[in-house]
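Below: the structure, in structure tokens.
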Amino acid sequence: MFELLPLILIGVLFIIHRGSAKRIDRLDKELGDVRERLLQLSGPAAAPAAGEAESTTQGVAAPALLAAETIEAEEPPLEDMPRESRPSLSSDEVDEPEPLPAAARSEVSAAAPAESLENLLGARWAVWAGGLALALGGVFLVRYSIESGLLGPGVRLTLAALFGLALVAVGELIRRKALPKAEALYANAMVPGILTAAGAVSLFGAIYAAHGIYAFIGPTLAFILLAVTAFGVLGLSLLHGQALAGLGLAGSMLTPLLISTTAPNLWTLFIYLTVAQVATSVASRLKGWLIVPSIAQALLGIWALVALIDTSEVTPIALSLLAMVAAWMLIWPGTTGDDPAKPGAPLSLEALGRRMSSGPLGLDITLSLAVLLPAIMMLERDILDVFPLFGFAALIAALAAAGSARHGAFWPTAIAAAGALLAAIVETGMLGQAQAMLLGWDLVKTSLPALDITVMYVLLGLAAVFLFIGLAQIRRRFAEDPLFSTVWAVIAAALPVLLATSSFVFYGIYARDWLHGFFAIGLGAALIAACEFLNRKGALPAFRRGIDVLLTGSFAAFALALHTLTDGMVTTILLALLGFAYLMATRKRGWSGLPWIMVIALAGVLFRIGWDPTLVGPEALSRTPILNQLLPGYGIPALLALLSAYEARNWPGQRVRHALQGLASLLGLLAIAILIRHAMNGGVLDSTVPTLGEQSIYTLLVVGLSGILMTLDLKSPSPVFRYGSMVAGGIAIAQTVSLHLGALNPYFTGESTGSWPLINLLLIGYLLPGLAYAGLAYYARDKRPLPYVVLLTLSGAVLGFAWVTLSVRRFWQGEFIAYWKGFGQAETYSYSVAWLAIGVGLLALGSRFDARSLRIASAVIVIVTVAKVFLIDMANLEGVLRALSFIGLGLVLIGIGLFYQKILSGKSVRPPVVDEDEAPTGI
């Protein structure tokens, strides 16, 4: 272990230093570009000055001295020097300069060649290899002395410690320019930092060997010495750079692993780790580091996860993580952030993505995960202990608050919100219960009531925290950054409602839950008050989307309150009334989201109807036709939808107007249909297949809806009315083909047609719908496309033809006309007579109204009749009936021919119309 420790620490140092080396390269290039630009701008006037001025330093001057157009007299002019041999400052001696504009950098980029391979290998990697060789040399020297028995353990450890101190001292001498020539030659390779790091590795190894191998010192003294060494290295990193800080951080975080004790103390451990993390934050703030503090956060989070594996004591862990969040907020990166978006910036996914990826993103995400993962793991502790729940809630709340402390820091709050939702899923067993519901299993709840109450309060408390943080952030930033404030509006509106809903669904009282009800009312009132406050502060129109989101959240909260305090039909009616109240608020406020709330409310009504069509339960539903719970349960929402569509008729948004019109039509049709269904099924709503009589009423209802929508479209043109009328007609046609002529046809089902000769099931199922189709086609002939009108006409004709045919069969077969009863010869002959009568009637009507479509329909029926006579009657009829069939057919056909000849000849000899202006004035 003693031999591997230096290799491990040097490996950590090497990995961490990669980021610092790249940053130094970038600074070196930018400083060279700046000096070249200044020399070009100074022109020839700088040449005499360059020959006379003398410099007192061997490196590059600070940015303020770059304006002085002087260089050292002993060195050649800068423009004559190769780029790789120009001096440059280390990252700790100068601040990062502002880069030149792109146009200025492009003028001098050609004069800045990339670092050569010789310089990379000779001046940089040689130093790193030398530092590694020094550390390994010390290790091998100690190993040789052990194997040879030259020196005792105490002497060896003392020499190792002295060797480490000597390396640290040499590094400090070089840094202070006690060896100016060496510093000038090797500043680019960070020789002081390398020597200091090698010395630190030697000190760590000596202290650990004194405790872990030879037991010269006890665990307490070893812990103190290792901690002092680690913090000392961390302090020296302020002078030598971020790489050495990483080494010190690694040493401080690994120190507890190197010390074994029989009485571990969790409080001592996390106090020490917290001090190390806070010290790293202080050093990072002084030097502007980003990599080392991220590593510190990750290591502390890993320590918390490891500790939670074997312990249920979460208090020191939670306090340590809270201290890390506080250090993030107060020390580094603190409340400094990116600039807000420009006023009026559009709310787009691209702009939002740029804002979310700005600032110290690595620090934000590392902190969030380092806090969230241990917090989630706390939920898996002993179920009888409520302290892990409180620890989780404190960490999530602190992380959410941290996200609102710095402008532009979105990810801590977003990840905290995800953690809160995840906790709700884990603690409520939501996934398991959903799986049980899908598979039809019985839900068995095994949690303790006391713990359920604790979880409920935790969820409600987190909901209040996110609401407060979100509204506070919106209040601070809505004017200068409406884009990001809209994101906060989503968090403030959605997350509290989701958490409160989860709490009610899994831990609430379904009959009447006053706690969740009043909490939801308060939540909705707070969101409404926020909308009014922002409106009075002039947030519109820039923050319009944010106000719409808050309005939606308030409606969701009030809807939750309705479900916690009411049930059944009352909830459905009040939900529609709540949405209507938002719509009526458009008379006072012009918020674009108000009418959409009514659309959401009506969608909620439809969802409740789909969930339970009875609204009150099958057992409680009255069997009285019409006057039952369905009348107000369906009728009041339909009436409110109709009033809403009328109220919003002049609203500037077309989509919301069309949505309200469509929902009003749908709910009105649904209310009438459900009352019919209830009345025709003995007061029972079930999944039985409707009869032909019931289906006929539905078809008539849909045909009537098509006509109503067509009339509304004439008075107030709207795509909803225009296309809705044709969709309703198409649905009616589909019902005719699939149900009236197919599945519900009494010829196939054997259903009774009734005892009365004419007023029976056939009248309701075929003749009335056929007349309705004919009337709708006549009404739509100059208002809708010709194919649609033709379909309506054909549907009416087919239903009329079916009524005549089935009525003939009923005349011969009686009340039941099923196909298995067969056909008689007289019945077969009667079909031919009836069909010819229909053809002649249609021909007469076509001639009377000059309707070519009716004449064509007549021709089609006559052709069908001719086919029947020749194909069926000839085979099935005998004797006089066969003769009469053909004689009657022949007479009818001759009469039709004479009729057509008269019509066509009348048209051919009709005199041309003479214009009055050209008519002769006399004889």
Side-chain angles (χ1 to χ4, degrees), residues 12-13 15-17 19-20 23 91-92 95-96 200 226-256 269-305 316-338 359-375 394-395 398-409 411-413 415-416:
V12 173
L13 175 64
I15 294 172
I16 296 174
H17 182 263
S20 299
R23 184 165 177 262
S91 61
D92 299 318
D95 295 331
E96 184 176 349
L226 286 173
V228 169
T229 303
F231 285 114
V233 173
L234 191 61
L236 290 174
S237 68
L238 298 175
L239 305 175
H240 296 285
Q242 187 171 198
L244 190 61
L247 179 63
L249 173 64
S252 61
M253 289 294 182
L254 293 177
T255 293
L269 172 63
F270 277 93
I271 289 175
Y272 166 77
L273 294 174
T274 303
V275 172
Q277 197 279 326
V278 172
T280 304
S281 298
V282 173
S284 301
R285 178 179 178 86
L286 294 175
K287 308 301 293 184
W289 295 331
L290 297 178
I291 299 177
V292 170
S294 298
I295 297 175
Q297 293 169 352
L299 290 176
L300 183 56
I302 293 172
W303 267 110
L305 290 173
I317 302 174
L319 291 177
S320 179
L321 295 174
L322 289 174
M324 180 173 66
V325 175
W328 185 92
M329 296 172 61
L330 303 176
I331 301 176
W332 180 250
T335 57
T336 60
D338 58 339
L361 185 61
L363 280 175
D364 297 348
I365 295 180
T366 306
L367 171 80
S368 303
L369 296 179
V371 173
L372 177 64
L373 296 180
L395 291 175
L399 191 59
S404 64
R406 193 186 81 237
H407 183 62
W411 289 108
T413 302
I415 294 177

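The chain is numbered in sequence order, starting from 1.
- At a threshold of 4.5 Å between non-hydrogen side-chain atoms, the residues M324 and T274 do not count as touching.
- S320 contributes no side-chain N or O that, together with a main-chain N or O of P316, makes up a donor-acceptor pair within less than 3.5 Å.
- Between F270 and A304 the shortest heavy-atom distance is CZ-CA, 3.9 Å.
- No side-chain heavy atom of L399 sits under 4.5 Å from any side-chain heavy atom of W411.
- For the side chain to side chain contact (heavy atoms under 4.5 Å, CB included) test, residues two or more places apart in sequence or in another chain that qualify with L369 are I365.
- A distance-only check finds a donor-acceptor pair linking the side chain of R285 to the backbone of I331 [under 3.5 Å].
- Proximity of a side-chain donor or acceptor of W289 to a complementary backbone N or O of T280 within less than 3.5 Å is not detected.
- Across every non-hydrogen atom of P374 and G301, the tightest pair is CG-O, 3.9 Å.
- Taken from CG in L299 to CG in L254, the straight-line distance is 7.5 Å, to the nearest 0.5 Å.
- In this structure, A318 and L395 approach most closely via the heavy-atom pair O-CD2, 3.7 Å.
- Of all heavy-atom pairs between S252 and Y272, the closest is O-OH, 2.6 Å.
- When all heavy atoms are compared, the tightest approach of T255 to A227 is CG2-N, 4.4 Å.
- The shortest distance between side-chain heavy atoms of W328 and L363 falls below 4.5 Å.
- Proximity of a side-chain donor or acceptor of Q297 to a complementary backbone N or O of L367 within less than 3.5 Å is detected.
- When side chains are defined from C-beta on, P256 counts as touching W303, because their heavy atoms get closer than 4.5 Å.
- Between I317 and L321, some side-chain heavy-atom pair lies under the 4.5 Å cut-off.
- Shown here for W332 and S281, the closest heavy-atom pair between the two residues is CB-O, 3.6 Å.
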